[in-house]
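Report on the structure given below.
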Amino acid sequence: METEIKLKVNGHLHEIKVDAGRTILEVLRQDLGLTGTKEGCGTGDCGACTVILDGKPVNSCLVLAVNADGSEITTVEGLTQDGRMHALQESFLKHGAFQCGFCTPGMLMSGKALLDKNPKPSELEIRQAIAGNLCRCTGYAKVVQAIQDVIS
Amino acid sequence: MFGQNFSFSQPRTLAEAQSILLEKKDALLIAGGTDLIVKMKKIREKPSALISLKKIEPQLNYIQEHEENVEIGALTTLQELGESEIIRNSMPALSVAALSVGSRQVRSIATIGGNICNASPSADLPPGLLVLGANFEILGLSGSRTVSGAHFFRGPGQTCLEPGEILTKIIVPLNKQEEVWCTYIKHSIRQAVDIALVGIALQLTITGDRKVKSGGLALGAVAPTPLLLQGVDEILKDQALPLSAKTKDALVSLAVKSAKPIDDHRASARYRLAMVDALTHRALNSITASVV
């Protein structure tokens, strides 16, 4: 049975019909074509699916679209504004804070969610903020440095 | 979600939620969903209907300090608990416990009510709630009732909730006459995104002349339910700080004797018992070092 929901994604309002069982991860990737958000585990453990929902970082694989009706979502695609990359994205590039890149959208969203609430986090706070973003490639050091470099 | 076919509702009142719960067989309540959605994906739960508590009014998401207690709405998220000034000032062990769960992403939506009602033996909030004497307010079919934390948990994944009942509020008493010291230690393999191998909450209530008035010890992950130990007051009452080695050893022995861990893929029972021993010492030392 389909319900119509409203989602504001990266500033744009979408009205979509969804089945109750669909997660916002599926809706973002399949219905809205925003494939920057990745599915790593599907069970809320890896963080590759991290998006910002009403100001909070969440695992989009665990949020039912019907439960997010009326919410505002920012995905990694929303970090680039008017063709200009977000400072976090530039810093990740500068520091080489990714290899395969699969965890990277999730890392960026966790980083952004952190800095939005806490503009001057300590290293510990950064590591705690990305504790839910697993990376098989980098060993996290450059991710932490890239986020630190954005602190003004 | 593959293999799942269910209806979804977002009632505005608890009465409405209850009537849907009773009307639809196999209906389940959903709060944050961080446990439930995972179970549904693994087809360990197949509800015919999900009833979201998100839009209930008045909202079930709040932390309110009163003269004699702190009231926490069941839908308060774990991140909110962890960041709350009220909780950090009056019962910091609960914010430690909340922040030990999962990851920032999980805590953004996971709720204290969900952690309690999911009733995993290794859940991180119950041990601290038990030693602080928390009571749970439940909306039954003919009004509200209050159950002590100690009577709430019945087995792995099982609570005293009857069909149609909803946990609405957690009430944690405040003691302004004495000093209440409480700590929660979660022992796990990973520092985040992991389940406790052993959880321990220890509470000491200290009088002005530096003696223990009462205490509480609760263990997680080493029994079918979170375990509030009996016999703690007898060991600790009237003991002067710093506690003697004899007193500490007695408490550690009680903890090890009371724990009933099992072997599972995370750890052996023998390891868990060794950790109960070590962590009880650690919890005692941590509190007595903090009390001036």
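Throughout, a chain's letter reflects where its sequence line sits, starting with A, and its residues are numbered from 1.
Looking at S110(A), only its side chain comes within 4.5 Å of chain B, counting heavy atoms on both sides. For a residue to count as touching a neighbouring chain, one of its non-hydrogen atoms must lie under 4.5 Å from one of that chain's; by this rule Q4(B) does not touch chain A. Contact of C46(A) with chain B is not made at all, since no heavy-atom distance falls under 4.5 Å. Only the side chain of V63(A) has a heavy atom closer than 4.5 Å to any heavy atom of chain B. When heavy atoms are compared at a cutoff of 4.5 Å, A129(A) approaches chain B solely by way of its backbone atoms N, CA, C and O. Using a 4.5 Å cut-off between heavy atoms, L64(A) touches chain B through its side chain atoms alone.
Residue-environment remark: CD (Q191(B)) stays at or below the threshold of 12 foreign heavy atoms within 6.0 Å. Residue N285(B) places its CG atom among more than 12 non-hydrogen atoms of other residues, nucleotides or ligands, all under 6.0 Å distant. The number of heavy atoms from other shown groups lying within 6.0 Å of CD (E23(B)) is above 12.
With respect to chain B, the highest number of heavy-atom pairs below 4.5 Å among G106(A), A113(A), A131(A), P57(A) belongs to P57(A). When the candidates T43(A), D45(A), L114(A), N67(A) are compared by the number of heavy-atom contacts under 4.5 Å with chain B, N67(A) comes out ahead. When N133(A), V58(A), T23(A) are compared by the number of non-hydrogen pairs under 4.5 Å with chain B, V58(A) comes out ahead.
Here the CG atom belonging to L134(A) is positioned 5.5 Å from the CZ atom belonging to R190(B), to the nearest 0.5 angstrom. Between the CD atom of Q105(B) and the CE atom of M109(A) there is a distance of 11.0 Å, given to the nearest 0.5 Å. With values rounded to the nearest 0.5 angstrom, K117(A) atom NZ is found 8.0 Å from Q79(B) atom CD.
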### Task
Start with the C-alpha distance between D69(A) and F8(B), add both sets of side-chain angles, then the distance that settles side-chain contact (heavy atoms from CB on, under 4.5 Å), and finish with yes or no.
CA-CA 12 Å; D69(A) 185 17; F8(B) 181 84; over 6 Å; no
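Listed in order of number, the residues of residues 106-115 of chain B that approach chain A to under 4.5 Å between heavy atoms are V106(B), S108(B), I109(B). By a heavy-atom distance cut of under 4.5 Å, not one residue of residues 91-101 of chain B is near chain A. Heavy-atom neighbours of chain A within the stretch residues 33-60 of chain B, taken at a separation under 4.5 angstrom, comprise T34(B), I37(B), V38(B), K41(B), K42(B), L50(B), S52(B), K54(B), K55(B).
In this structure S71(A) satisfies the side-chain hydrogen bond (donor to acceptor under 3.5 Å, both in side chains) test together with D54(A), sequence neighbours excluded.
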